Each structure stands twice: as C-alpha cells, then as structure tokens.
Engineer: 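Just dropping this structure here.
Worth saying up front: this structure is predicted, and the values here are computed from it rather than measured. Count residues from 1 along the sequence.
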Amino acid sequence: MARHLNRKVGDMNYDKLIAGITPPVHVNSGTIRKVATEAEYKRGTVLAKSSTDGKLVILGTEAQTEETLTPDCVLTDDVVVGTEADVVASVYTAGCFNSDALIVKADYTLSKADKDKLRERGIYLGTVLPD
C-alpha cells in the first residue's frame, strides 16, 4: 500500500495566471454567449456579465442596445464558443490573478474602472516575479 502513496501522477506547467493564495480562488460556472464566428477563449480570459440576460462575453465586447457589460470573472480553462448555442464553462469568481496573464478582446486595454469592478467581485490583480 505504501507504494501507492509515493508515485508521480502527472505534471503541471505553471502559466503564471494565479498570482497569490489570498484571497483563495473560487470556481463557479457561467454561461458564455454564442458568437457570430466560432472562437476559442483561452484560460485567463476576463469575461463581462450582461445586464440584460446574465450571460458572459469577453471583456471589450461592444454592448448591445440597452445593455451594460460589467467585468465579472476569469475563465479557468480554454473553451470553444460556437455560433449555434451558448456554452457553460467554469470561471474563477474570486482570487488573486497576474494582470499580465489576463486576456481581453483585441484592441482593448483593461482600465482602472475594470480593475475596480473585478476587485468589488473578489478578483484582485497582482504581478508575478520573473523566473
């Protein structure tokens, strides 16, 4: 039996997304809105929640008519978002994350207001020291 307690079960590559242990990370699920053209969202993508339907879109997406998009969570794993149906995915709803590893829509920059909204939700941004 002791042999089973001391064996390698896998490898992990540190991607520098998590920047600290306080506050602890919380994982939940969220519904990502379908898109016009299929896209792959990578781990670390910042998602914003719609005020109209509660669905998530990548931060930097243009809001629809009478919709407000509020920075809300961070994607835990890569996910393909298609054109046919919404996708349920796991997201971080709290934790300390490396601001340099976060992903937003192309040509969009995470603003101070975005960072404040994330902090209100329990998502704190920090940095990771170089290797």
Engineer: Tyr124: which residues meet the ring-ring contact (aromatic ring centres under 6.0 Å, His included) condition with it, sequence neighbours left out?
Structural biologist: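 Tyr124 satisfies ring-ring contact (aromatic ring centres under 6.0 Å, His included) with no other residue.
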Engineer: Give, for atom CG of Leu17 and atom CG of Leu102, the distance between the pair rounded to the nearest 0.5 Å.
Structural biologist: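 Result: 6.5 Å between the selected atoms.
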Engineer: With sequence neighbours left out, write down each residue that passes salt bridge (Lys or Arg N to Asp or Glu O under 4.0 Å) with Asp114, or none if nothing qualifies.
Structural biologist: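 None.
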Engineer: Taking only residues at least two apart or on different chains, which pairs with a member in residues 45-104 satisfy ring pair (Phe, Tyr, Trp, His ring centres under 6.0 Å)?
Structural biologist: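 Sorted pair list: Tyr92-Phe97.
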Engineer: Side-chain polar contacts of residues 54-66 - donor-acceptor pairs under 3.5 angstrom, sequence neighbours left out - could you list them?
Structural biologist:
| from | atom 1 | to | atom 2 | distance (Å) |
| --- | --- | --- | --- | --- |
| Lys55 | NZ | Asp86 | OD2 | 2.3 |
| Thr61 | OG1 | Ile58 | O | 2.6 |

Engineer: If you group Ile, Leu, Val, Met, Phe, Trp and Tyr whenever their side-chain heavy atoms sit less than 4.5 Å apart, what else falls in with Val88?
Structural biologist: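 In the cluster with Val88 there is nothing else; it is isolated.
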Engineer: Is there any ring pair (Phe, Tyr, Trp, His ring centres under 6.0 Å) pair reaching into residues 30-87, and which pairs are they, with sequence neighbours excluded?
Structural biologist: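 Non-adjacent pairs meeting ring pair (Phe, Tyr, Trp, His ring centres under 6.0 Å): zero.
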Engineer: Which residues pass the salt bridge (Lys or Arg N to Asp or Glu O under 4.0 Å) test with Asp15, not counting sequence neighbours?
Structural biologist: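 Listed in chain order: Arg43.
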Engineer: Apply the hydrophobic cluster definition, ILVMFWY joined by side-chain contacts under 4.5 Å directly or through others, and give me every member besides Ile103.
Structural biologist: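 ILVMFWY cluster around Ile103 holds nothing else.
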Engineer: Can you pull the salt bridge (charged side-chain N to carboxylate O under 4.0 Å, His left out) pairs that have at least one residue in residues 101-113, sequence neighbours excluded?
Structural biologist: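 Every pair satisfying salt bridge (charged side-chain N to carboxylate O under 4.0 Å, His left out) with a residue in residues 101-113: Lys112-Asp116.
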Engineer: Identify, with sequence neighbours excluded, every residue that meets side-chain contact (heavy atoms from CB on, under 4.5 Å) alongside Lys117.
Structural biologist: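 Here the qualifying residues are Thr70, Pro71, Glu120, Arg121.
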Engineer: List the atom pairs, donor and acceptor, that lie under 3.5 Å between side-chain atoms in residues 21-34 and the rest of the protein, sequence neighbours left out.
Structural biologist:
| from | atom 1 | to | atom 2 | distance (Å) |
| --- | --- | --- | --- | --- |
| Asn28 | ND2 | Thr93 | OG1 | 3.1 |
| Arg33 | NH2 | Ser50 | OG | 3.3 |
| Arg33 | NH2 | Asp53 | OD1 | 3.2 |
| Arg33 | NH2 | Asp53 | OD2 | 3.3 |
| Arg33 | NH2 | Glu67 | OE2 | 2.6 |

